[in-house]
Amino acid sequence: MPRAFITGITGQDGSYLAERLLAEGVVVHGLVRPGDDQAAGALLSRAPGIVLHEGDLGDAGILGRLVADIGPDEVYNLAGISSVAFSWQEPVLTARLSGVGAAAVLEAAWRLQEDSGRRVVCLQASSAEIFGDAATSPQDESTPVRPVSPYGAAKAFAHHMACVYRGRGLHVATCIFFNHESPRRPLAFVTRKITAAAARIGAQGTGVIQLGNLEAARDWGWAPDYVDAMVRAVRHEHPSDYVVATGRTHTVADFAEAALRRAGLGDDWRDHIEVNAEFLRPMDAPTLVGNAGKARRELGWEPTVGFEELVGRMVDHDMELLQS
Ligand code: GDP
């Protein structure tokens, strides 16, 4: 049976990916941060059968030994600091985990391939944040890499390293993910922050959501669709870079309006949002929108969930959580 190793397995994408691979009969191993028992427990109850290993992504020696012991056929590097907002508070940690950590994973996979003599395929979860304040729109695989956040800079380094190891003979695909959401998004992200608050305000009939940049426009997709793109990309005959996006943008204000409407707040939705400077960032890409034409053509990939449906699923989930 094929074996997969996933870093960042307890996150939104990692958990969907683990479930997907398990359903295919793949033996799934994952790396969890030491002490992250709560997330590991939640994942094991959702996807029993996965094998978890504790380890620090920043420790290349431990990672190398672990990958050599597991001997995976597929390696997915999803780990790191996932929030751009948090990366401004912890830029060094972000560089270590989201940037240097990727180099450690690639090196471990490369060593395994060299020592075992069999092909190891890798997927690096790249990010639209590598484009930063892009001069062209929509962004595609040829858009210059010009990050404007510590997160984007760390991911840019990881993206370049993926290309370096591809040149060295390792089968490394990257998915340049635009924002992708689901009910599994942590509250640190604006989408879940809004849907959780909208559900609460809908139930109580009162309350406000304090937000930062309401005009930021993002290309928001459905996370399981993006996991599907990863699997298609890593298993494609030729490893390459793929933008994964819906091609449509909405502002943070649009998201808040759609969520509050779904929660039953109709025409007075504006009364329930407020700008708080605490949530503004030192720099924020004004618009990120991707052109996934290459993924559609070469991988046969399609997003299946539109904006209204995505917001609806997240708000409904948060309303159910409140009721239970
Ligand atoms: P990320 O930037 O890709 O990590 O995703 P986020 O969901 O954190 O942020 C998406 C966009 O929402 C960014 O442009 C933020 O500046 C903007 N935003 C506006 N208000 C907020 C807020 O209260 N929290 C967060 N996290 N982002 C906000």
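Every number for a ligand or one of its atoms is a count from 1 in the order of the listing.
- Any N or O atom pair closer than 3.5 Å counts here, and Val84 shares at least one such pair with ligand 1.
- Contact atoms of ligand 1 toward Arg218: 13 (C), 14 (O) (distance under 4.0 Å to a heavy atom of the residue).
- Atoms of ligand 1 lying under 4.0 Å from any heavy atom of Asn213, numbered from 1 in the order shown and given with element: 19 (C), 20 (N).
- Only backbone heavy atoms of Ala188 (N, CA, C or O) come within less than 4.0 Å of ligand 1; its side chain stays farther off.
- From the protein, the heavy atom lying nearest to atom 23 (O) of ligand 1 is Lys193 NZ, 2.7 Å.
- Residue Arg313 qualifies as enclosed at atom CZ: its count of foreign heavy atoms under 6.0 Å is above 12.
- Ring pair Trp110/Tyr165 is perpendicular by interplanar angle, where above 60° counts as perpendicular and below 30° as parallel.
- Taking only non-hydrogen atoms, the option from Met283, Arg281, Glu129 nearest to atom 9 (O) of ligand 1 is Arg281.
- For the residues Val190, Thr287, Leu187, Ile81, the heavy atom positioned nearest atom 7 (O) of ligand 1 is part of Val190.
- Ring orientation note: the planes of His236 and Tyr242 are nearly perpendicular, at an angle over 60° on the 30°/60° scale.
- For the residue pair Arg184 and Ser15, a side-chain donor N or O sits within less than 3.5 Å of a side-chain acceptor on the partner.
- With Asp73 contributing its side chain and Arg3 its backbone, the two residues share a donor-acceptor pair below 3.5 Å.
- Two rings, from Phe5 and His29, have their centers 6.0 Å or more apart.
- For a threshold of 3.5 Å applied to N or O pairs, the pair formed by Gly212 and ligand 1 contains at least one separation below that value.
- When only non-hydrogen protein atoms are considered, atom 17 (C) of ligand 1 lies nearest to Val252 CG2, 3.8 Å.
- In this structure, atom 16 (O) of ligand 1 lies nearest to the protein heavy atom Asp284 OD2, 2.7 Å.
- Residue Leu211 places no N or O, backbone or side chain, under 3.5 Å from any N or O of ligand 1.
- Taking any N or O of Asn179, backbone or side chain, at least one lies under 3.5 Å from an N or O belonging to ligand 1.
- The shortest N/O to N/O separation between Ser83 and ligand 1 does not fall below 3.5 Å.
- Side chain to side chain, Thr174 and Asp241 meet the donor-acceptor criterion of an N or O pair below 3.5 Å.
- Under 3.5 Å, the side chains of Asp13 and His180 contain a donor-acceptor pair of N or O atoms.
- Below 4.0 Å from some heavy atom of Ala216 lie the following atoms of ligand 1, by number and element: 14 (O).
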Please evaluate residues Asp228 and Arg20 with respect to the criterion salt bridge (charged side-chain N to carboxylate O under 4.0 Å, His left out), reporting the C-alpha separation (whole Å), side-chain torsions for both, the decisive distance (0.1 Å), and the verdict. CA-CA 9 Å; Asp228 177 48; Arg20 152 97 188 240; 2.9 Å; yes

